[in-house]
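This report concerns only the one structure given below.
Numbering of ligands and ligand atoms starts at 1, following listing order. As the structure is a computational prediction, the values presented were derived from the model and not from experiment.
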Amino acid sequence: MDAPAFEGCRFGLEKVSMNDYPGRPAAVLFIPGCNLRCPYCHNGPLVTPPFPENLVSFAEAAAYLRKRNKVLGGVCLSGGEPTLFPEIKALIEAVQDLGYPVKLDTNGLLPERLKPLRPDFIAMDVKTSPHKYRLLGTADGGRIRQSIEQIKASGIPHQFRTTVVPGITDEADLDAIAELTAGSPWVLHNFRNNRCLDPAFEHIPPLSDALFRKLCGRYTPDDRSLILR
Ligand code: SF4
């Protein structure tokens, strides 16, 4: 049964992605609206209104998911920031009721909304040191510590992710994030300077592949998987 609470809500739908659910081909439902303004964000159209017109209803997404259940191995709920959606708990359960494991992407800024959720996988972006979140449009960066601890203690499979962005994520920030997320899988991405929310970031060169790998190569403890992309 489709969730009536979602009538009138609209979502972005990527029908198949090989990169958004570890080890599974997955559909991605994008939930518009975000409480951060990361200047390098590639999802600008979903951060602030007006949102794109080609969004779909949950009923349309559910119809697609029912048809593709032999091909897809999961559904990723992404954004924007999915925990801002008032019905996020019911949305996760509605997708699970369709027979799909759900991966939730979050920036971790709302630990109290994250806590009651029971997705099958959580990926939290840890963008920089907590005190530097002002560069991303908030003074509440300290709240990410709480989300990190909650996720670690939740028993839910998870990973933390960091995009290495010149001027936002330097070596000291990576050291701080490594300490905060110790013991859990950590995925490091190199910044891409295309389609950025702040066009000024399109003129900032990313680290060379060699420098990125050298910088990240410092983090190789045995108790975690570290993936470079
Ligand atoms: S990168 Fe994520 S958290 Fe940052 S503005 Fe974009 S959607 Fe929001």
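When hydrogens are left out, the protein atom nearest atom 7 (S) of ligand 1 is G80 N, 3.5 Å; that is the closest non-hydrogen contact.
When atom types are taken as modelled, the side chain of N193 and the backbone of I204 share a donor-acceptor pair closer than 3.5 angstrom. Remark: the backbone N or O of H189 is not paired with any side-chain donor or acceptor of R192 at under 3.5 angstrom. Checking side-chain atoms of T163 against main-chain N and O of K127 turns up no donor-acceptor pair under 3.5 Å. Judged by distance alone, the side chain of D170 and the main-chain N or O of D173 form a donor-acceptor pair under 3.5 Å.
At least one heavy atom of N107 sits closer than 4.0 Å to an atom of ligand 1.
Using a cutoff of 4.0 Å between basic side-chain nitrogens and carboxylate oxygens, K214 and D209 are not scored as salt-bridged.
Taking 2.8 Å as the criterion, C38 counts as a coordinating residue of atom 4 (Fe) of ligand 1, since one of its N, O or S atoms falls below it.
Close approach to C34 involves these atoms of ligand 1, each under 4.0 Å from a residue heavy atom: 3 (S), 5 (S), 7 (S), 8 (Fe). Listed by atom number, the atoms of ligand 1 under 4.0 Å from C41 heavy atoms are 1 (S), 5 (S), 6 (Fe), 7 (S).
Contacts between K127 and ligand 1, counted as non-hydrogen atom pairs separated by less than 4.0 Å, involve the side chain only.
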